[in-house]
Amino acid sequence: NYVLYSWDGANFDEISGGGDPAPVDLYDLYVHDGTLYFAGYDGATWWLYSWDGTDFAIVSGGGDPAPTDAEDFITFNGALYFSGDDGSDEFLYSWDGTNFAKIIGGSGSAPTPDDPRSFVVYNGVLYFDADGSTSDTLHSWDGSIFTVYGPPPFDMSNSLVYKGVLYFNGESPSGQDTIENLWSLRPAAVLADTGFTAGVPIGLAVLLLVAGLSAVLVRARAAHSES
């Protein structure tokens, strides 16, 4: 079984403490508001757990019923957001330290998506891949409404922000090669202009980067020899 360990630079320790019994098969460790959160198995179900340095706790509170199978944690608007199972499917949830909330869009929102994952905060908005009204594609949550972008692309993953642009790995649209490309979302993107830009395949991008660096080194070496 997978259990929680610590490393202080010199020693490994298997963590035990007070509170609820220590869970097993834990995954997706994430620190939010000074507390360590993760999913763990209590012998019957995978719950959201916390560890404060002293005690384990199965996270419970008010609001919506606590979901199971929590994963993909991220901090957004001061709360812990994650994907959780309500017994029928996986949806976007939040935990504010007191209450759970299953996130449902308000007036003007796109349909509530399921199977959210690959979260990233960009320009004050939470972006993620999810299965929605237009298949498995990019969605966002601004605290009030869901927005759908595209498709294409499909099946985004490995999302990150680099130099003010959101980048991610995504598949080409149906009818084209299903090769995974590097994509970006421009800051001014709106529904009328998705702002998507497809790059070269990731493998080719790495190859071109290496080739470019090699060419620079060759030119620098040649210039040094001539001098």
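Here, residue 1 is the first one in the sequence, and each next residue gets the next number.
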Contacts of type side chain to side chain contact (heavy atoms under 4.5 Å, CB included), residue Tyr162, not counting sequence neighbours: Leu160, Tyr167
From OG (Ser83) to CG (Asp129), nearest 0.5 Å: 11.0 Å
How about Val148 and Thr137: do any of their side-chain heavy atoms sit closer than 4.5 Å? yes
Linking Ile, Leu, Val, Met, Phe, Trp and Tyr by side-chain heavy atoms under 4.5 Å, what else ends up with Trp47? Leu4, Ile15, Leu26, Leu29, Val31, Leu36, Phe38, Tyr49, Trp51, Phe56, Ile58
Partners meeting side chain to side chain contact (heavy atoms under 4.5 Å, CB included) with Ser60 (sequence neighbours left out): none
Check side chain to side chain contact (heavy atoms under 4.5 Å, CB included) between Ser159 and all other residues, then give those that pass, not counting sequence neighbours. Ser118, Val120, Leu166, Phe168
Between Pro23 and Val3, what is the shortest heavy-atom contact and its length? O-CG1, 4.3 Å
Minimal non-hydrogen separation, Phe146 against Ile104, with atom names: CE1-C, 4.1 Å
From Tyr149 atom OH to Leu138 atom CG, the distance as rounded to the nearest 0.5 Å: 7.0 Å
So, the side chain of Asn158 versus the backbone of Asn169: is there a donor-acceptor pair under 3.5 Å, distance only? no
Side chain to side chain donor-acceptor pair (under 3.5 Å) contacts touching residues 64-80 (sequence neighbours left out): Tyr30-Thr75, His32-Thr75
Can you list the residues that meet the side chain to side chain donor-acceptor pair (under 3.5 Å) rule with Ser50, with sequence neighbours excluded? none
Can you pull the salt bridge (charged side-chain N to carboxylate O under 4.0 Å, His left out) pairs that have at least one residue in residues 82-106, sequence neighbours excluded? Asp86-Lys102
Output all residues satisfying side chain to side chain donor-acceptor pair (under 3.5 Å) with Trp46, sequence neighbours left out; order by chain, then residue number. none
Shortest non-hydrogen contact from Ala130 to Asp136? O-OD1, 3.2 Å
For Tyr81 and Leu126, what are the C-alpha separation, side-chain angles and deciding distance, and is it a side chain to side chain contact (heavy atoms under 4.5 Å, CB included)? CA-CA 9 Å; Tyr81 279 73; Leu126 180 63; 3.9 Å; yes
Side chains of Phe73 and Leu48: does their closest heavy-atom pair fall under 4.5 Å? yes
Atom OH of Tyr2 with >12 non-hydrogen neighbours under 6.0 angstrom: no
Between Ala70 and Ala39, which heavy-atom pair has the shortest distance, and what is it? O-CB, 3.2 Å
Which residue pairs pass the salt bridge (charged side-chain N to carboxylate O under 4.0 Å, His left out) test when at least one of the two sits in residues 33-44, sequence neighbours left out? none
With side chains defined as the heavy atoms from C-beta onward, is the minimum distance between Tyr5 and Asp13 less than 4.5 Å? no
May I ask you to check whether Tyr122 and Tyr127 place their ring centres under 6.0 Å from each other? yes
Do NZ/NE/NH1/NH2 and the carboxylate oxygens of Asp131 and Arg117 come within less than 4.0 Å? no
Do the non-hydrogen side-chain atoms of Trp141 and Phe128 ever get within less than 4.5 Å of each other? yes
Looking at residues at least two apart in the chain, or sitting in another chain, which of them share a ring pair (Phe, Tyr, Trp, His ring centres under 6.0 Å) with Phe12? Trp7
Sorted by chain and residue number, the side chain to side chain contact (heavy atoms under 4.5 Å, CB included) partners of Pro67 (sequence neighbours excluded) come out as Phe82, Tyr93, Phe100
Would you name the heavy atoms of Ser94 and Ile103 that are closest together and state the gap between them? OG-CD1, 3.8 Å
Please tell me whether Val125 and Leu92 are part of a single hydrophobic cluster in this structure, the criterion being side-chain heavy atoms less than 4.5 Å apart. no
